[in-house]
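Reminder, nothing fancy here: chain letters follow the sequence lines and each chain counts from 1.
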Number of protein chains: 2
Amino acid sequence: MHTVKEAALMTGLTEHAVRFYTDKGLVPSIQRNSNNIRMFDEESINWLHGVKCLKQSGMPIEVIKMYVDLCLEGDSTIPQRSALMMEHKEAALAKLEEAKRHIDHLEQKTALYQAILEQRTPDTTNPGNWDKIQHMHADVFYSPPMRKA
Amino acid sequence: MHTVKEAALMTGLTEHAVRFYTDKGLVPSIQRNSNNIRMFDEESINWLHGVKCLKQSGMPIEVIKMYVDLCLEGDSTIPQRSALMMEHKEAALAKLEEAKRHIDHLEQKTALYQAILEQRTPDTTNPGNWDKIQHMHADVFYSPPMRKA
DNA sequence: CTATAGCCTTCGTGTTACACGAAGTCAAGC
DNA sequence: GCTTGACTTCGTGTAACACGAAGGCTATAG
């Protein structure tokens, strides 16, 4: 049996978030002891993990709540739950793909910066270098610094 | 040259967001025509893409603004920009890893649901199935629906 | 010439998922 | 008996827009 503080540590959530989730009914297995203190058993910790997973993968609290409520209604809601999860998984996968593209983008930027820095500030005054330099800077971010303004 | 609407379409942002970003100074290359209308050239579209990338990978607008301002200061800020990007890339990578774990989690859930559904509602009334059923439901999400309450 | 459409502005409110602090209340342990 | 740690409610703040309203400009089409 764990307290809020422990549950927070175990899940990587803040105490605020843990209380918030329990108060919203996202941790149905939770119990209070005689002193009204939230007691988390392993199952409750699992729910917290699950809620964290769903939330961090983009599901709004409201929808998580719906899902939890469906769980509480018993086996008859399994088809709906399944559909919900499938949909959400697809959405999360799409986001993951986009995140990968963003990472690629960032990789390119950092690689460019590294290339520039490893050249130890190429001699900008030597016209012979200009092509190279222009080209190098050309995409960091996303053009040579504008001096238009 | 593109209008706000076009820029929104091209980048996948909303018009609101595009105006928001330009007003915050995140698109330094943007110009207004004689009728005070925002005109996006290719460079501005690129900035929008870049801002979108940074934001969606978790960078707060405020920090993006700092980065853009550094860009405008010229080559002398390249080391800072590089460091900023490296840090952000690392953070984004960490998030990506976590996202992957979440996806794994979701895969398991959906697989479990599929398994249950493909068995076409196993006969819950037959005690011979109970072990199987209990076990199957045991992790969907994250225990058999509580009937404690 | 006027009507419509598209762009602009500012204003104001709503949203999500908390973060944070304050104030006050318990119960347990030293 | 005092500190500690848990609890409560209250209230405010935040980010990054979303959305609508009101009002104004300009270009174009009929």
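Judged by distance alone, the side chain of Thr77(B) and the main-chain N or O of Glu73(B) form no donor-acceptor pair under 3.5 Å. Glu87(A) contributes no side-chain N or O that, together with a main-chain N or O of Leu84(A), makes up a donor-acceptor pair within less than 3.5 Å. One N or O on the side chain of Lys52(B) and one on the backbone of Thr11(B) form a donor-acceptor pair closer than 3.5 Å. Judged by distance alone, with hydrogens and angles left aside, the side-chain atoms of Thr22(A) form a donor-acceptor pair with the main-chain N or O of Val18(A) at under 3.5 Å. When atom types are taken as modelled, the side chain of Asn33(A) and the backbone of Asn35(A) share a donor-acceptor pair closer than 3.5 angstrom.
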Please walk me through it: do Tyr21(A) and Ile64(A) pass side-chain contact (heavy atoms from CB on, under 4.5 Å)?
-> CA-CA 10 Å; Tyr21(A) 291 161; Ile64(A) 301 179; over 6 Å; no

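With values rounded to the nearest 0.5 angstrom, Leu93(A) atom CG is found 13.5 Å from His102(B) atom NE2. Here the straight-line distance linking atom CG of Leu106(B) with atom CD of Glu90(A) works out to 10.5 Å at 0.5 Å rounding. Atoms CG and NZ, on Leu26(A) and Lys55(A) in that order, are 11.5 Å from each other to the nearest 0.5 Å.
Linking ILVMFWY side-chain heavy atoms closer than 4.5 Å, directly or via other members, places Met39(A) and Trp47(A) in two distinct hydrophobic clusters.
If you check residues 1-10 of chain A against DNA chain D, the residues with a heavy atom closer than 4.0 Å are Thr3(A), Val4(A), Lys5(A), listed by number.
Heavy-atom nearest nucleotides on DNA chain D were determined for Glu15(A) and for Glu15(B), and the one closer to the 5' end corresponds to Glu15(A).
The side chain of Arg38(B) places no N or O atom within less than 4.0 Å of a non-bridging phosphate oxygen (OP1 or OP2) of dC7(C).
By the 4.5 Å heavy-atom criterion applied to side chains, His88(B) and Tyr67(B) are not counted as neighbours.
Between the CD1 atom of Ile37(B) and the P atom of dA5(C) there is a distance of 17 Å, given to the nearest Å. Rounded to whole Å, atom P of dT9(C) lies 12 Å from atom NE2 of His16(B).
The outermost nucleotides of DNA chain D lying under 4.0 Å from heavy atoms of chain B, listed 5' to 3', are dA15(D) to dA27(D).
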Please list, for nucleotides 23-30 of chain C, all pairs of protein and nucleotide N/O atoms separated by less than 3.5 Å.
none

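Among the nucleotides dA17(C), dA19(C), dT9(C), the one closest to the side chain of Lys55(A) is dA17(C).
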